[in-house]
Amino acid sequence: VPAAPPAPLGCDDPESEAAAEAAVNYINGHSHHGYKFALNRIEDIRVVPQGPNNDIIFLELDLLETKCPILSPTPLANCTVRSFAEHAVEGDCDVKLQRVDGTLSVLASKCHSHADSSEDILKVCPDCPLLASLNNTEVLETVSAALNDYNSKTTDSYLRLLEIGRAKVQYYPAHIVVAEFAVGATNCSAEEAKANAGACQLLPEDQSNFGFCTSVMVKRPSQDLQVDCQLYGHQVPVPAIPLLSRPGVTYIHPGQDTS
Amino acid sequence: SVTKRAVAGAAQHDKVPRPVGFVPRPPPCPGKIRHFDI
């Protein structure tokens with residue numbers, strides 16, 4: 001009697017978790033936009049045997065955005081998942097992997113990210129500020145003012161904007177704009193840039209130095225601007241295969257969309 | 001030879017008492033939620 005087919009893999013089986021971990025590492029390692037994503041749930045798994053010790057695995061994953069920018073060297077295990085009240089962003093990914101003699105490799109991956117619905121947030125937290133569109137005028141003004149403020153005070157490289165990661169606008173009890181954005185060091189010092197900022201270009205990939213800034217602009221009851229930027233130092237670049245679609249993200253080169 | 005069992009018979013057959021301590025296997029998917037569901 002032919003051997004009974006193996007029982008279908010459960011989504012919480014160790015083999016499924018290993019495949020999901022390989023998929024999430026691939027997704028985070030090959031994206032250059034937004035934030036790192038962490039596994040929240042394995043929605044489905046399907047294994048299609050190809051021969052002895054050779055399987056194709058189809059995974060359906062539910063991910064959640066963390067607070068770590070995608071270019072941050074922080075290991076994913078140390079990245080905090082954004083809480084529901086901070087207006088979480090979910091990633092839905094379909095990943096195809098191959099497992100040969102126990103070694104997993106990603107063959108294809110397609111993801112879509114979307115912020116949680118405002119209604120859901122306000123139901124739980126009526127006063128929580130919501131994510132603003134990244135093209136919001138107040139957001140763009142805040143990012144521009146914050147970057148100018150930082151560059152006017154730093155003694156290091158002149159920084160250029162790479163992309164705005166996320167932003168929120170609160171109107172009550174104070175009018176506050178909070179924005180997070182990714183930056184890159186240029187080939188100018190901040191002093192040189194005062195003469196001709198237009199000539200300052202991002203450092204070439206083999207010397208690149210990326211960083212991340214958080215800014216808080218209080219508009220009412222009194223004007224105040226706080227900026228904090230952290231540069232990561234040079235890291236070994238990874239081939240840019242953008243994966244997670246980033247709705248509304250402003251790129252330094254328009255049209256650089258993601259699949 | 002394969003014989004088609006009457007539904008009643010099959011139903012009776014399924015009424016076979018389960019061994020003591022039998023824990024039904026949780027549905028294989030979707031898996032557990034690690035953070036929260038949105």
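Side chains included, hydrogens not; waters and symmetry mates left out as well; all remaining heavy atoms used. All chains are named by letter (A, B, ...) in the order of the sequence lines, taking the proteins before the strands, and each is independently numbered beginning at 1.
For the side-chain hydrogen bond (donor to acceptor under 3.5 Å, both in side chains) test, no residue two or more places apart in sequence or in another chain qualifies with A/R46.
Proximity of a side-chain donor or acceptor of A/T66 to a complementary backbone N or O of A/C79 within less than 3.5 Å is not detected.
Between A/V95 and A/V24, every side-chain heavy-atom pair lies at or beyond the 4.5 Å cut-off.
Highest contact tally toward chain B, considering only A/L39, A/D62, A/D44, A/I45, is held by A/L39 [criterion: heavy-atom pairs under 4.5 Å].
Contacts of A/S83 with chain B are made by backbone atoms alone, with heavy-atom separations under 4.5 Å and no side-chain atom involved. Contacts between A/I42 and chain B at a heavy-atom distance below 4.5 Å involve backbone atoms as well as side-chain atoms. Interface residue A/E17: only side-chain heavy atoms are found under 4.5 Å from chain B.
Ring geometry for A/H112 versus A/H114: interplanar angle under 30°, hence parallel rather than tilted (30 to 60°).
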